[in-house]
Amino acid sequence: MTVPYRFEQTAMAAEVAARWGHLSAGEESGDAVAVAGRVMLARPQGRLAFAELRDSSGAVQLFALASATKDFDEFARLRLGDWVGARGEVVRTKRGELSVKVGEWVLLAEARRPFGDKWRGVTDVETRYRQREVDLWANPQSRTRLLMRSQLVRRMRERLWDRGFVEVETPILHPIPGGAHAHPFVTRHRALDADFYLRIAPELYLKRLVVGGFERVFEIGRLFRNEGLSPRHNPEFTTLELYQAYADYEDMMALVEELVADLALDLCGSTSISYQGRPLDLAPRWRRATMAELVEEATGLPLSVHTPRDELARAAGDLGVPVEPGWGSGKLLLEVYEKTAEPSLWEPVFVRDYPAEVSPLARRHRSDPELTERFEAVVAGRELANAFSELTDPDDQRTRFEEQAAQHEAGDEEAMVVDAEYLRALEHGLPPTGGLGIGIDRLAMLFADATNIREVITFPTMRPERLHGGDPEPAPGADPGSSEGD
RNA sequence: GCGCCUCUAGCUCAACGGCAGAGCAACGGACUCUUAAUCCGCAGGUUCGGGGUUCAAAUCCCCGGAGGCGCACCA
């Protein structure tokens with residue numbers, strides 16, 4: 001069966017419903033349309049046949065009569081999943097279903113593989129993730145989530161453009177992995193005979209653009225971290241990073257709460273949303289609290305980066321937080337915070353003033369050099385954003401890099417190394433700058449009420465499928481003698 | 001990496017030591033207004049793979065595979 005190279009569609013299913021919805025049962029409009037889509041239900045009935053045709057806008061019924069429909073017998077044999085284009089008059093059937101009364105029609109694609117249970121669909125999670133094309137048809141929620149994510153990114157872009165930010169693209173192949181504390185993927189460039197790392201953060205390149213005179217830049221793109229998979233972690237994930245010259249982390253807090261609240265309005269219709277059955281109010285102004293304050297709230301202990309290291313280590317041990325010998329007070333405080341305070345946070349909080357020890361790219365706090373002007377936005381107990389007043393001083397940056405490099409030498413493979421290229425850029429002058437990163441996947445999970453990151457990633461990372469000889473298993477019912485290819 | 005759970009027809013699931021089943025899909029047929037159409041008929045299986053226990057294994061045990069959840073990792 002040959003299929004045409006194109007089909008002239010004149011109306012979407014939703015348009016048919018909107019324009020001819022007024023027809024009463026048994027009424028014929030006299031208007032002809034051409035619709036196209038996938039057969040989701042088929043009800044052949046002797047000299048009559050009905051089919052539900054679904055396109056990206058919705059569904060419309062096809063109504064065929066042996067006396068009026070070309071190739072009626074073939075039409076009555078259409079299978080679930082077949083793609084069809086049909087031309088005919090818009091009518092409402094006697095039983096009240098708005099329909100296209102099919103005159104001519106054409107098969108646009110045959111579904112050789114069965115489409116799953118027509119009522120219960122496909123629920124096997126592996127099939128849903130590995131064969132998303134099947135999931136998207138079988139489960140409307142999957143389609144909705146993907147659309148929601150698309151809208152999220154679109155509205156985010158629009159709101160940033162409105163604020164004067166310029167969207168840029170920076171390299172994904174990095175000669176030195178930097179900008180985050182993470183294991184990179186390594187790859188090899190043959191002609192250059194050099195290793196490259198898939199980026200773990202775009203941060204350093206973006207700040208170089210600020211040095212270059214782009215006072216407000218952002219990038220929405222994929223990051224790659226060579227880590228374990230979990231319901232909240234995918235090896236490749238999407239972030240927004242933005243930099244704003246002349247701004248500090250207080251400005252970034254205002255930006256985050258306004259942006260997230262606006263997006264909630266756009267996507268959920270309200271800043272009061274519900275996540276996993278619990279109400280969550282995203283309206284500004286969000287609570288601001290220092291890490292030390294939250295630790296004291298959670299533990300009752302007045303701990304800070306100035307607590308003597310031994311005392312902090314003992315307190316951590318008492319709280320059941322594992323301690324490693326190389327950790328200073330800053331790392332210890334962070335660990336205690338993450339284990340005791342963070343999980344119990346629900347309403348949005350800006351957790352501010354992170355220890356300098358664990359924030360090598362953030363500027364020291366204006367009132368305490370052991371701290372930085374850094375915050376994380378925690379919503380529903382999860383990190384949603386990370387931001388700081390950027391470290392602009394090349395000398396301090398070199399010092400921080402060297403501290404990181406020492407940790408790297410000491411065995412922390414995720415610690416940074418000295419990035420001379422970046423230091424050279426800073427020496428050309430980076431003005432005071434506020435920087436911000438937001439995990440798009442996490443944000444999408446929040447708005448989609450999803451607990452698994454794979455629900456908001458179209459094709460999540462999976463262990464490679466082993467399909468023999470590179471071919472999938474044969475389609476059930478396919479004639480083994482006539483399969484294409486070899 | 002560790003722990004728990006899961007894997008049965010194309011899909012969704014039952015059978016839980018005693019003949020592998022149902023609904024839907026498919027296939028053949030009936031039906032001129034269906035709505036998960038209905039009715040009749042037919043077919044569909046390496047019960048994830050391998051090994052073991054047993055008169056008898058989808059079921060119990062061991063090894064392996066795939067997946068889920070949790071933990072660890074993830075500033």
Side-chain angles (χ1 to χ4, degrees), chain A residues 25-26 40-52 59 61-69 72 76-77 79-81 91-99 101 111-131 134 138-139 179-183 200-201 223 225-235 237 291 322 327 330-335 337-339 342 351 354-362 372 374 376 382-383 386 388 404 407 412-416 437 439 442 451-454 462-466 473-478:
Chain A
M40 298 306 288
L41 285 173
R43 292 182 289 272
Q45 196 188 329
R47 309 293 287 164
L48 281 179
F50 302 90
E52 181 185 318
Q61 177 169 270
L62 300 182
F63 172 43
L65 297 100
S67 56
T69 302
F72 176 82
R77 278 201 295 273
R79 308 196 334 183
L80 264 51
V91 303
R92 193 180 283 281
T93 59
K94 289 180 196 167
R95 292 292 180 87
E97 187 72 25
L98 194 63
S99 307
K101 188 171 154 188
R112 291 192 188 182
R113 290 174 184 272
F115 223 63
D117 191 284
K118 71 179 177 184
W119 184 239
R120 281 183 270 196
V122 176
T123 58
D124 179 69
V125 287
E126 185 175 1
T127 306
R128 290 190 49 237
Y129 297 155
R130 285 195 192 276
Q131 301 184 55
V134 172
N139 299 304
H181 192 252
H183 286 287
I200 55 175
L223 268 46
R225 295 188 184 177
N226 208 338
E227 293 158 356
L229 289 72
S230 89
R232 285 166 292 282
H233 300 269
N234 198 63
F237 60 103
M291 181 178 288
W327 294 353
K331 175 69 174 168
L332 284 166
L333 184 70
L334 176 69
E335 289 291 319
Y337 157 74
E338 287 189 341
K339 295 292 187 295
E342 188 178 85
V351 183
Y354 274 58
E357 179 185 345
V358 294
S359 311
L361 300 169
T372 57
R374 170 186 172 189
E376 285 194 359
R382 296 188 186 151
E383 299 157 22
N386 182 22
F388 25 95
Q404 285 285 307
Q407 288 176 25
D412 182 356
E413 292 177 18
E414 299 184 348
M416 296 178 200
R442 299 277 176 88
T451 54
N452 194 317
I453 196 168
R454 290 175 159 185
M462 303 285 283
R463 187 183 300 274
E465 265 186 294
R466 281 203 297 270
E473 77 279 12

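The chains referred to below are lettered A, B, ... by the order of the sequence lines, with proteins before strands, and numbering in each begins at 1. Quick caveat: nothing in here was measured; it's all calculated off a predicted structure.
Using a 4.0 Å cut-off, some side-chain N or O of A:Arg43 falls inside it from OP1 or OP2 of B:A37. Within the 4.0 Å cut-off from OP1 or OP2 of B:G10, not a single side-chain nitrogen or oxygen of A:Arg112 is found. Considering only side-chain N and O atoms, A:Ser359 lies nowhere under 4.0 angstrom from the phosphate OP1 or OP2 of B:A75. OP1 or OP2 of B:C69 lies within a sub-4.0 Å distance of a side-chain N or O belonging to A:Asn452. Within the 4.0 Å cut-off from OP1 or OP2 of B:C33, at least one side-chain nitrogen or oxygen of A:Gln45 is found.
B:C11 and B:G45 have their P atoms separated by 14 Å, with the value rounded to a whole Å. Taking atom P in both B:A14 and B:G52, the straight-line distance is 30 Å, to the nearest Å. Taking atom C1' in both B:A26 and B:C42, the straight-line distance is 11 Å, to the nearest Å. Here the separation of B:A15 from B:U32, taken at their P atoms, is 42 Å to the nearest Å. With both ends at atom C1', the span from B:G23 to B:A37 equals 15 Å, rounded to whole Å. Rounded to the nearest Å, the gap between the C1' atom of B:U53 and that of B:C5 is 24 Å.
With hydrogens and angles disregarded, no donor-acceptor distance shorter than 3.5 Å links the side chain of A:Arg374 to the backbone of A:Val351.
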(message) Generate the contact string for nucleotides 3-8 of chain B. Rules: B means base contact, S means sugar-phosphate contact only, - means no protein heavy atom under 4.0 Å.
(response) ------

(message) Generate the contact string for nucleotides 21-28 of chain B. Rules: B means base contact, S means sugar-phosphate contact only, - means no protein heavy atom under 4.0 Å.
(response) --BBSSS-

(request) Represent RNA chain B in dot-bracket notation, 5' to 3'. Only Watson-Crick or G-U wobble pairs with both distances under 3.5 Å count; pseudoknot-style crossings use [ ] and interstrand partners use |. (result) (((((((..((((....[..))))..((((.......))))......(((((..]....))))))))))))....

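Within the 4.0 angstrom heavy-atom criterion, base atoms lie near A:Pro44.
Each of A:Thr93 and A:Leu41 was assigned the nucleotide of RNA chain B with the nearest heavy atom; the assignment lying further toward the 5' end belongs to A:Thr93.
For the 3.5 Å distance criterion, the side chains of A:His183 and A:Glu414 qualify, holding a donor opposite an acceptor. Using modelled atom types, one finds no donor on one side chain facing an acceptor on the other under 3.5 Å when comparing A:Gln61 with A:Arg92.
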(message) Pair A:Gln131, A:Arg113 - check side-chain hydrogen bond (donor to acceptor under 3.5 Å, both in side chains), show working.
(response) CA-CA 12 Å; A:Gln131 301 184 55; A:Arg113 290 174 184 272; over 6 Å; no

